[in-house]
Amino acid sequence: MKIILQEVDIKTSDGEYLNGNLYLPVQSDKVPVIIMRTPYGKHNINTVFDPYIIVKKGFALLVQNVRGRYESTGIFLPFENEKEDGKTTVEWVKEQNWSNGHIYSLGVSYEGFTAMMMGGRGRRSCNFTDYVIRKYTKRLVL
């Protein structure tokens, strides 16, 4: 399976840019999306998960640096902007022509916190990490 890797910048409501790597399968079908927002650097995903295996399982994957870390602009204030920036990221993903609207979050440690912040209350815009880990971890991690 061929995979597209592209760098994306998502603009926040206050004019900052959230930078990430987007991994997409080369296909015409819309796919579910996994988002991982990290302060540890978007390239560090390889220490926990293999992005290529995730994409080969039929997902798009967005690994995004949180505000103020690495290529993302702004000031990093731990825990302060994660809810709003997560919401902005989810809305951006929903608008993309390759997204089927099924959005999941992924992460451990601080990334787990950002995953929970994308979930919200009531009508959730993002499904929690636990589903992805329980259903796919044995097949995603080598």
Side-chain angles (χ1 to χ4, degrees), residues 1 3-27 29-142:
M1 168 185 265
I3 295 172
I4 298 169
L5 170 59
Q6 65 185 57
E7 188 172 32
V8 297
D9 287 305
I10 299 171
K11 189 174 183 179
T12 64
S13 61
D14 62 350
E16 301 297 347
Y17 287 92
L18 304 173
N19 179 269
N21 282 344
L22 178 63
Y23 301 82
L24 291 169
V26 177
Q27 62 184 43
D29 296 334
K30 293 183 177 202
V31 295
V33 182
I34 297 174
I35 300 171
M36 185 171 120
R37 303 189 64 251
T38 181
Y40 310 122
K42 63 186 179 185
H43 300 292
N44 281 333
I45 187 174
N46 295 315
T47 61
V48 181
F49 301 100
D50 184 334
Y52 295 99
I53 291 176
I54 292 171
V55 175
K56 287 178 182 178
K57 294 293 180 186
F59 293 91
L61 173 66
L62 173 61
V63 184
Q64 182 185 69
N65 294 321
V66 298
R67 178 186 295 247
R69 299 293 289 160
Y70 300 90
E71 297 89 355
S72 288
T73 64
I75 298 172
F76 177 59
L77 300 169
F79 308 107
E80 195 154 315
N81 297 299
E82 305 313 341
K83 186 174 183 99
E84 189 61 35
D85 289 353
K87 179 181 172 186
T88 297
T89 301
V90 168
E91 290 303 316
W92 181 86
V93 166
K94 284 181 171 181
E95 294 171 0
Q96 304 309 303
N97 63 359
W98 40 261
S99 171
N100 71 3
H102 296 280
I103 302 171
Y104 302 91
S105 56
L106 181 65
V108 295
S109 185
Y110 192 92
E111 297 154 350
F113 173 78
T114 66
M116 289 187 296
M117 290 297 95
M118 286 187 282
R121 289 186 170 191
R123 185 174 159 242
R124 296 191 337 208
S125 58
C126 183
N127 294 297
F128 287 104
T129 309
D130 185 50
Y131 171 79
V132 174
I133 288 184
R134 280 187 290 119
K135 188 167 183 181
Y136 297 102
T137 296
K138 291 182 180 176
R139 289 183 243 155
L140 294 177
V141 181
L142 294 178

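Everything numeric in this text was worked out from a predicted model, so none of it was measured.
Atom CG of L62 sits about 6.0 Å away from atom CH2 of W92, to the nearest 0.5 Å. The OG atom of S105 lies 11.5 Å from the CE atom of M36; values are rounded to the nearest 0.5 Å. Here CD of Q27 is found 10.5 Å from CD1 of I3. Values are rounded to the nearest 0.5 Å.
Here N19 pairs with E7, D9, K42 under the side chain to side chain donor-acceptor pair (under 3.5 Å) rule; sequence neighbours left out.
Across all their heavy atoms, P39 and R69 have their closest contact at O-NE, 2.9 Å. Closest approach of Y70 and G41 over heavy atoms only: CE1-N, 3.3 Å.
Counting heavy atoms from C-beta outward, V8 and Q6 have side chains that approach closer than 4.5 Å. Put simply, the side chain of D85 does not reach to within 4.5 Å of the side chain of V66, judged on heavy atoms. Residues V31 and P25 meet the side-chain proximity criterion, which asks for heavy atoms closer than 4.5 Å. For the pair D14 and R67, the minimum side-chain heavy-atom distance is below 4.5 Å. Residues I54 and Y23 have side chains not in contact (no heavy-atom distance under 4.5 Å, counting atoms from C-beta outward). Side chains of I75 and E16 form no contact here, defined as non-hydrogen atoms less than 4.5 Å apart. In this structure, the side chains of N81 and T12 stay at 4.5 Å or more apart for every pair of heavy atoms. Proximity of L18 to T89: side-chain heavy atoms (C-beta onward) are separated by under 4.5 Å at one or more points.
When atom types are taken as modelled, the side chain of Y110 and the backbone of R37 share no donor-acceptor pair closer than 3.5 angstrom. Using modelled atom types, one side-chain atom of T73 and one backbone atom of Y17 make a donor-acceptor pair closer than 3.5 Å.
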Item to check | Working for side-chain hydrogen bond (donor to acceptor under 3.5 Å, both in side chains), residues T38 and E111 | outcome: CA-CA 5 Å; T38 181; E111 297 154 350; 2.6 Å; yes

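Classified by interplanar angle (parallel below 30°, tilted 30° to 60°, perpendicular above 60°), the ring pair Y104/F59 is perpendicular.
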